[in-house]
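Working notes, structure below.
The residues of the chain are indexed from 1 along the displayed sequence. None of the values given here were measured: they were computed from a predicted structure.
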Amino acid sequence: MTRSAAIIGGGIGGLATANYLHQHGWTVDVFERADALPTSGTALGMWPEALTALDGIGHGDAVRSIGSRQQHGQFRRPDGSVIADITTSEGTSVLISRPPLLATLASGLPDGVVKFSTTIESVADLGGYDVIVGADGVNSRVRTAVVGQRVDPIYVGVSALVGRAPGTTDTVAETWGEGKIFGVSPRDGNLTNWFAAYREDPDAEPPTEPLEFLKENFGRWHADVTDALGRIDATSIIHYRIKRMPKLGSYINGNMVLIGDAAHAMPPNLGRGACETIIDSIALGRALDEHDVEKGLRRYDSERRKATQKLVTGATLMNHVAMSTRFTAARDVALRIATRFA
């Protein structure tokens, strides 16, 4: 008997889950409120574990061919001096921007599976499906149904501006100042990916002139930073507040299940958010394929909840350390020691 799944959210987790279930004989509907796949978005790091998960749905090689392979990274100070070098010890990671990653995942699904311009107001409207997957991001509505009450993500006191710049870079680097970070990395399309993180009050308005804000706050940093600032495509700049999810007692309730940011949104400082979402998707698909729905969801919750919640804690701690305004010399020494064992 064919089983069915309703997936709320057509982002990375929703499309990856849909691929797995479709390939294993499920009937799948993905409900996405946007009217199409995005055409812009920042670069995402795919660590080896995420690439292995993508291999499990037949898309790993495509991501490797599109993205930029990276094995080395660097942490620097605003004057350009090096805090620490890092080389990935578990294999090569790949940087790929969100649009081609989503397009790759969508290419594995038949026409009509992803139902764009469709907002699901309540999971009660989805009777008849064997499983309902909440892949609807940090402000998930499905989470409220799973938990039984509204649980909002927690703002960590740091905001970010992200975007792209024409031209390439061969550098993957973060520059750590006092309460500020500026990062650059290559990305597909002969572009440079950049981000700037800074402390911001929760009720503060985003910068009205973000490019001028960036130049004011980072324009006296070392040459690689100022070079990126001089190339920024101002139309690509996005502002967002960095948030984390509090620990949930369960990622499942009845036939409902949470994946990705809906379950465990985390600061980006470990570079694991998108990776863990993909790993969630394959773990959920495999558990549902190997067991009945009830046992499969329990298996998924057991496998993924504690592991991802530890990463949320680690990413939040790293965010606090990176954004320090005091004892930065000691911070840099600790970072240099830590990267030796990475």
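- No donor-acceptor pair under 3.5 Å is formed between the side chain of S236 and the backbone N or O of I232.
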Test log, rule side chain to side chain donor-acceptor pair (under 3.5 Å), inputs R305 and S250: CA-CA 7 Å; R305 179 160 47 88; S250 177; 4.9 Å; no
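- Under a hydrophobic clustering in which Ile, Leu, Val, Met, Phe, Trp and Tyr are joined whenever their side-chain heavy atoms come within less than 4.5 Å, directly or via other members, M318 and F182 fall into different clusters.
- Taking hydrophobic clusters as Ile, Leu, Val, Met, Phe, Trp and Tyr residues chained together by side-chain heavy-atom distances below 4.5 Å, M266 does not share a cluster with L248.
- Between F218 and W221, the ring planes lie perpendicular to each other; the angle is over 60°, past the 30° to 60° tilted range.
- We find that R241 and E200 are joined by a salt bridge, their nearest charged nitrogen and carboxylate oxygen being less than 4.0 Å apart.
- Between the side chains of D79 and H222, not a single donor N or O lies within less than 3.5 Å of an accepting N or O.
- In this structure the side chain of V94 reaches within 4.5 angstrom of the side chain of V63, judged on heavy atoms.
- One finds a salt bridge joining K115 and D29 here, because a Lys/Arg side-chain nitrogen approaches an Asp/Glu carboxylate oxygen to under 4.0 Å.
- For the residue pair Y251 and T308, a side-chain donor N or O sits within less than 3.5 Å of a side-chain acceptor on the partner.
- Hydrophobic clustering, with ILVMFWY side chains joined whenever heavy atoms are under 4.5 angstrom apart, groups I238 together with I181.
- Between the side chain of R187 and the main chain of S97, no donor-acceptor pair closer than 3.5 Å is present.
- Between R76 and D224, at least one side-chain nitrogen of the basic residue sits less than 4.0 Å from a carboxylate oxygen of the acidic one, meeting the salt-bridge criterion.
- With S81 contributing its side chain and R77 its backbone, the two residues share no donor-acceptor pair below 3.5 Å.
- Between S117 and D35, the side chains place no donor N or O within less than 3.5 Å of an acceptor N or O (distance only, hydrogens not considered).
- Counting only distance, with no hydrogens or angles, the side chain of S140 and the backbone of V142 share a donor-acceptor pair below 3.5 Å.
- H24 places a side-chain N or O within donor-acceptor distance of the main-chain N or O of Y20, the cut-off being under 3.5 Å.
- Within 6.0 Å of atom CZ in R220, 12 or fewer heavy atoms from other residues, nucleotides or ligands are found, so the atom counts as exposed in its surroundings.
- Sorted by first and then second residue, the side-chain hydrogen bond (donor to acceptor under 3.5 Å, both in side chains) pairs with a member in residues 280-293 read T17-S281, H264-D280, D280-R304, H291-R299; sequence neighbours excluded.
- With respect to D261 and R143, no salt bridge is recorded, no charged nitrogen being found less than 4.0 Å from a carboxylate O.
- With respect to the salt-bridge test (charged N to carboxylate O, under 4.0 angstrom), the residues E49 and R272 qualify.
- L288 pairs in a side-chain contact (heavy atoms from CB on, under 4.5 Å) with only one of the listed residues (D130, V133, L297), which is L297.
- Judged purely by atom type and a 3.5 angstrom limit, T168 has no side-chain atom pairing as donor or acceptor with the backbone of L191.
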